[in-house]
Amino acid sequence: NKKQILKHVDHITQQLISEVLSICQNISNDEDVSKAIVYLTIFDSLIITCSQNGFNINLRFLKLEFENLIYIQDKRISSHVFNKTVPNVIKCCKDVTFLNIIWKKVVKNIDQLCVDDVSIVCVLSNYYFPFQSSVDNMYNVKSFIIKNIDFWKLIHFGIADSDPLLRKYC
C-alpha cells in the first residue's frame, strides 16, 4: 500500500542505507556491489516518489549514516552515491543539511587532505555554488561554503596536485 510506505519512509530509508553500509564493509564480489546499488536505487526511487506526491521528507534518522556513505571505497557504488543518491536527496529534501554533513566530513582533517576529499567537493560543486542551472533544473540551494577559507584550501590543494585530471576538476 502506497500510503503505508510513505508513512514509514524515514524508517525504510534508514534500513536501506544501513544495508548498503553493511554490504560495503565486506565486499567480496560483484554480486555484493550489485546488491548495494539495487538498495541505493530503491532508496532513490522511494524519496523521489515521496517528493512527487507532496510528502515532506526530512530523513532525520539518516544524517549520521549519510556521513559514512560518502566514503565508500568501491568506485561503482561511490559513483552511484554522488551522481544519483546525493543529488536526489538534495532535490527531494530541499535542504542543505546533507551538503553540510558532507562538507564537515571532508574538512574534518583539513590539514591532511587527500585526493578523495577534493574529488568529493568537485563532484558536488554545482550544489555548493548558490545558483540555479536552467539547463538541468537543479534545485537552487543556498550553501555558503564557498565563503569558507577551508573551501579555498581544498581547491588550492587540488590545483597544486600532480594529477592533471584533479587539477582540471578544481
> What is the distance from atom NE2 of H156 to atom CG of D150, rounded to the nearest 0.5 Å?
Replying inline: 14.0 Å
>> Strictly by salt bridge (charged side-chain N to carboxylate O under 4.0 Å, His left out), give each pair with a member in residues 26-45 just once, sequence neighbours left out.
In response: D30-R76
> Under 3.5 Å, side chain of S18 to main-chain N/O of Q14, donor-acceptor pair present?
Replying inline: yes
> Is the closest side-chain heavy-atom distance between V89 and F43 below 4.5 Å?
Replying inline: yes
>> With side-chain contact (heavy atoms from CB on, under 4.5 Å) as the criterion, how do T41 and T85 come out once you've worked through the C-alpha distance, each side chain's angles and the decisive distance to 0.1 Å?
In response: CA-CA 8 Å; T41 303; T85 302; over 6 Å; no
> Between OG of S22 and CD1 of I17, what distance do you get to the nearest 0.5 Å?
Replying inline: 12.5 Å
>> Can you give me the closest heavy-atom contact between C24 and I77, atom names plus distance?
In response: SG-CD1, 3.5 Å
> Do V33 and I23 come within less than 4.5 Å of each other through their side chains, counting heavy atoms only?
Replying inline: no
> Just how far is it from atom OG1 of T49 to atom CD1 of I42, taken to the nearest 0.5 Å?
Replying inline: 11.5 Å
>> For V86 and L69: C-alpha separation, side-chain torsions, deciding distance, then whether side-chain contact (heavy atoms from CB on, under 4.5 Å) applies.
In response: CA-CA 10 Å; V86 170; L69 194 61; over 6 Å; no
> Rounded to the nearest 0.5 Å, how far apart are CG of N88 and CD1 of I48?
Replying inline: 3.5 Å
